[in-house]
Amino acid sequence: MSTHLKGIGITDQIAIGKVIIFEKKDIDLSNERDELPYEVKEKLLLRSIEKTKKEIETLYENLKERNPQEAEIFNFHKALLEDEYFLDKLKKYLKENFSASWAVKKAVDEISLEFENIENELFRERAKDIKDVGEKLIKNLLGYKESTIDIKSPRIIVARDLAPSDTATLDKSNVIGFITEFGSPTSHTAILAQALGIPAIVGVKDVLNYLKNNDEVILDTKNGLVIINPSQEEKEYYYQKIKEEEIIKRELENTKNIPVITSKGKRIKIFANIGDFEEGILALKYGAEGVGLFRTEFLFLNRNSPPSEEEQFLAYRKVAELFREKPVIIRTIDIGGDKKIPYLNLEKENNPFLGIRGLRLCLREKDLFKTQLRAILKASYYGNIKIMYPMVSIKEEIEEANNILEEVKRELEKEEEKYNEKIEVGIMVEVPSIALSLEEVIDLISFVSIGSNDLIQYTFAADRTLEKVNYLYLPKHPAILKLIKHVINVCHENKKEVGVCGEIAGDLEMVTILAELEIDELSMAPTKIPLIKKILLNLLN
Ligand code: PEP
Ligand code: MG
């Protein structure tokens with residue numbers, strides 16, 4: 001009899017194979033305090049920090065070409081080892097007579113707890129990164145060897161959790177799946193699985209109690225299901241499913257370069273939503289005709305200070321050059337709501353979704369906004385970049401943002417910096433007030449993109465992150481369809497393009513409705529593009 005366990009499935013794939021268990025050796029931390037002089041311990045600690053930094057740099061160098069997304073995590077690791085706040089804590093505990101390894105443990109526990117207390121999954125996951133670095137440092141202090149995973153034939157890796165340093169040296173060509181006891185959709189294992197296109201199921205409670213090396217399992221990621229020691233029938237069923245999926249994949253590949261034109265002769269552009277360069281690569285692979293939404297907030301997360309103008313410029317330029325003549329719509333930062341950035345020291349609000357968010361924040365934090373606009377404008381010289389403001393409620397906000405943009409352009413001209421002088425500026429329609437008064441502001445902008453995730457949240461007054469009010473996520477409700485229709489009509493009457501970049505742009509039912517309403521562009525997660533294209537092509541031709 002097979003055993004079925006549930007977890008969170010990552011990437012829509014099936015894996016069948018034998019498992020290998022990855023267990024980490026526990027570190028012996030018995031010497032809490034010692035009598036060594038402070039200077040000796042400090043020297044010991046600084047030497048171990050240098051050694052750990054070198055190891056991290058090697059991991060980064062080895063990975064940066066093959067898997068830039070995973071490599072980036074090691075930059076965060078290194079930054080912690082150079083962080084004054086962390087180093088001060090270490091020194092404080094050494095002075096209190098803690099042993100060097102305990103000083104690291106105490107500092108890491110405190111800082112990771114601060115991250116864990118932030119109400120955001122991404123930050124909670126970074127708390128694990130901090131513990132990972134701490135563990136590495138303690139191992140170096142105590143002279144432990146790193147545990148490594150050595151696999152010589154195709155295996156599904158099973159672990160309590162996988163840290164970046166556990167997987168960095170792994171020969172991934174033999175990994176056919178991951179199962180972890182802990183983890184969430186934003187955990188390191190999930191990020192890695194997505195980057196490599198390997199099926200994974202994370203958060204499978206007590207999985208290690210059920211498995212030993214070489215047990216056979218099936219991973220059904222769509223249903224978050226781990227089937228241990230499957231029956232012959234179960235295996236045959238899943239082998240058949242793998243075959244069917246391969247056929248679908250091949251068929252989707254065929255539609256990749258076919259433009260969507262409706263039976264009425266209307267061309268609908270299929271764009272992608274991305275958060276970084278790697279997703280841009282994926283978007284092109286799946287046939288995106290441009291980027292409808294570049295969520296720049298991700299550049300600002302997981303760090304202690306905002307990215308510099310140069311760092312932002314390079315990040316935007318890289319994406320612009322990747323897409324060449326294809327449009328890349330860069331959304332200025334949409335921080336606030338559920339996306340918090342500790343280093344901005346924003347005031348706590350009772351209703352963050354109704355507070356200082358998106359453009360409202362940028363208009364208050366002008367330096368932050370101007371730095372981003374400078375970086376975007378400079379990058380605009382290298383591709384087809386457009387600017388988009390999020391969370392707009394009234395005309396005056398657009399006017400103020402445009403004034404700042406003009407100010408930044410003048411500054412760049414004075415400095416003889418090149419930028420695209422004809423750069424287009426658009427807004428996201430996410431708030432009913434702007435949807436219903438679009439005719440008042442249409443002359444101030446070149447295009448519109450409907451952010452349906454927020455438009456639905458604000459129309460029904462239902463927090464998009466609160467499960468209890470999820471029943472009010474009603475994209476097909478007449479209230480939403482009326483708003484969308486109105487926005488499309490105003491845009492078309494004024495000869496401006498209008499797209500959708502909320503989740504409904506990748507929803508099988510909603511795209512047919514949006515096509516009927518004559519939407520010009522749909523922007524969605526890269527992996528959704530082939531299927532949506534196919535649906536629109538079948539339906540409309
Ligand atoms: C939206 O609100 O639909 C949108 C695309 O923006 P985000 O999901 O980033 O708020
Ligand atoms: Mg939004």
Side-chain angles (χ1 to χ4, degrees), residues 119-122 185-186 269-276 279 283 288 290-301 327-341 351-362 372 386-393 397-398 401 426-435 438 447-466 469-470 472-477 479-481 483-484 487-488 498-507 510-511 513-514 519-529 532:
E119 277 176 32
N120 179 307
E121 208 177 281
L122 266 173
T186 53
K269 292 178 196 157
I270 306 295
F271 282 12
N273 295 348
I274 66 166
D276 56 25
E279 279 183 327
V291 173
L293 168 64
F294 182 174
R295 286 186 166 100
T296 55
E297 308 72 79
F298 293 110
L299 265 170
F300 290 72
L301 293 173
V328 174
I329 301 177
I330 301 186
R331 175 173 79 179
T332 53
I333 40 172
D334 184 17
I335 288 165
D338 60 339
K339 298 171 204 140
K340 297 192 180 67
I341 306 271
N351 290 304
F353 273 123
L354 303 183
I356 301 301
R357 183 192 165 187
L359 189 60
R360 297 175 188 181
L361 175 87
C362 286
Q372 184 174 38
K386 303 180 189 208
I387 297 175
M388 179 162 72
Y389 306 138
M391 184 72 190
V392 176
S393 307
E397 289 168 334
I398 308 174
I427 59 163
M428 290 194 70
V429 167
E430 302 175 281
V431 182
S433 61
I434 205 74
L438 194 63
F447 66 91
V448 163
S449 184
I450 300 171
S452 53
N453 307 340
D454 278 315
L455 188 61
I456 295 170
Q457 135 161 293
Y458 293 127
T459 303
F460 292 102
D463 185 337
R464 63 193 258 192
T465 62
L466 190 66
V469 289
N470 211 4
L472 289 170
Y473 180 78
L474 298 168
K476 281 183 271 172
H477 190 284
I480 298 298
L481 296 183
L483 284 170
I484 293 179
V487 171
I488 295 176
V498 51
V500 174
C501 62
E503 293 311 301
I504 62 169
D507 179 292
M510 277 306 290
V511 287
I513 298 176
L514 293 168
I519 197 79
D520 299 309
E521 170 241 294
L522 293 169
S523 189
M524 64 205 74
T527 49
K528 292 203 169 142
I529 292 174
I532 294 297

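Note that ligands are numbered from 1 as they come in the structure, with each ligand's atoms numbered from 1 the same way. The figures that follow rest on heavy atoms only: side chains count, while hydrogens, waters and symmetry mates do not. Residue numbers start at 1 and run along the sequence shown.
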Scanning both residues in full, the closest heavy-atom pair of I529 with A272 reads CD1-CB, 4.0 Å

For a 4.5 angstrom cut-off between non-hydrogen side-chain atoms, does M428 reach I450? no

At under 4.0 Å between heavy atoms, is it the side chain or the backbone of R357 that contacts ligand 1, or both, or neither? side chain

Per-atom contacts, ligand 1 versus R295 - under 4.0 Å to a heavy atom: 4 (C), 5 (C), 6 (O), 7 (P), 8 (O), 9 (O)

Looking only at non-hydrogen atoms, find the nearest pair between G292 and I329 and report the distance. O-CB, 3.7 Å

Salt bridge present between D334 and R295 (N-O < 4.0 angstrom): no

Quick note on ligand 1: atoms under 4.0 Å from a heavy atom of G451 include exactly 1 (C), 2 (O), 3 (O)

What's the OD2-the Mg ion (ligand 2)-OE2 angle here (D454, E430), rounded to 10 degrees? 100°

What atoms of ligand 1 come within less than 4.0 Å of a heavy atom belonging to E430? 1 (C), 2 (O), 4 (C), 6 (O)

Could you tell me whether E503 and ligand 1 have an N or O pair separated by under 3.5 Å? no

Which of the numbered atoms in ligand 1 are below 4.0 angstrom from a heavy atom of C501? 5 (C)

Any R331 heavy atom less than 4.0 Å from ligand 1: yes

Show, in sequence, the C-alpha distance, side-chain angles and deciding distance for K476 and D507, and conclude whether the salt bridge (Lys or Arg N to Asp or Glu O under 4.0 Å) test is met. CA-CA 11 Å; K476 281 183 271 172; D507 179 292; over 6 Å; no

Side chain to side chain contact (heavy atoms under 4.5 Å, CB included) with T332: of M388, M391, Q372, E297, only one passes, and it is Q372

Find the distance between CG (L359) and CD (E430) and round it off to the nearest 0.5 Å. 10.5 Å

Out of L514, V487, V511, which one pairs with I519 under the side chain to side chain contact (heavy atoms under 4.5 Å, CB included) rule? L514

Ligand-residue contact atoms, ligand 1 with R464, heavy atoms, under 4.0 Å: 2 (O), 7 (P), 8 (O), 10 (O)

Under 4.0 Å between heavy atoms, the region of L293 that gets near ligand 1 turns out to be side chain

Taking every non-hydrogen atom, the tightest pair across P327 and F271: CG-CZ, 3.7 Å

Can you name the closest pair of heavy atoms from L455 and V429 and give their distance? CB-O, 4.3 Å

Where on M524 is there a heavy atom closer than 4.0 Å to ligand 1, on the side chain, on the backbone, on both, or on neither? neither

With heavy atoms only and a cut-off of under 4.0 Å, state how N273 meets ligand 1: side chain, backbone, both or neither. neither

Hey, does M428 sit under 4.0 Å from ligand 1 if you only count heavy atoms? yes

Closer than 2.8 Å to the Mg ion (ligand 2): does that hold for any N, O or S atom in D334? no

Looking only at N/O atoms, are S452 and ligand 1 under 3.5 Å apart anywhere? yes

Can you list the ligand 1 atoms lying under 4.0 Å from a non-hydrogen atom of D334? 10 (O)

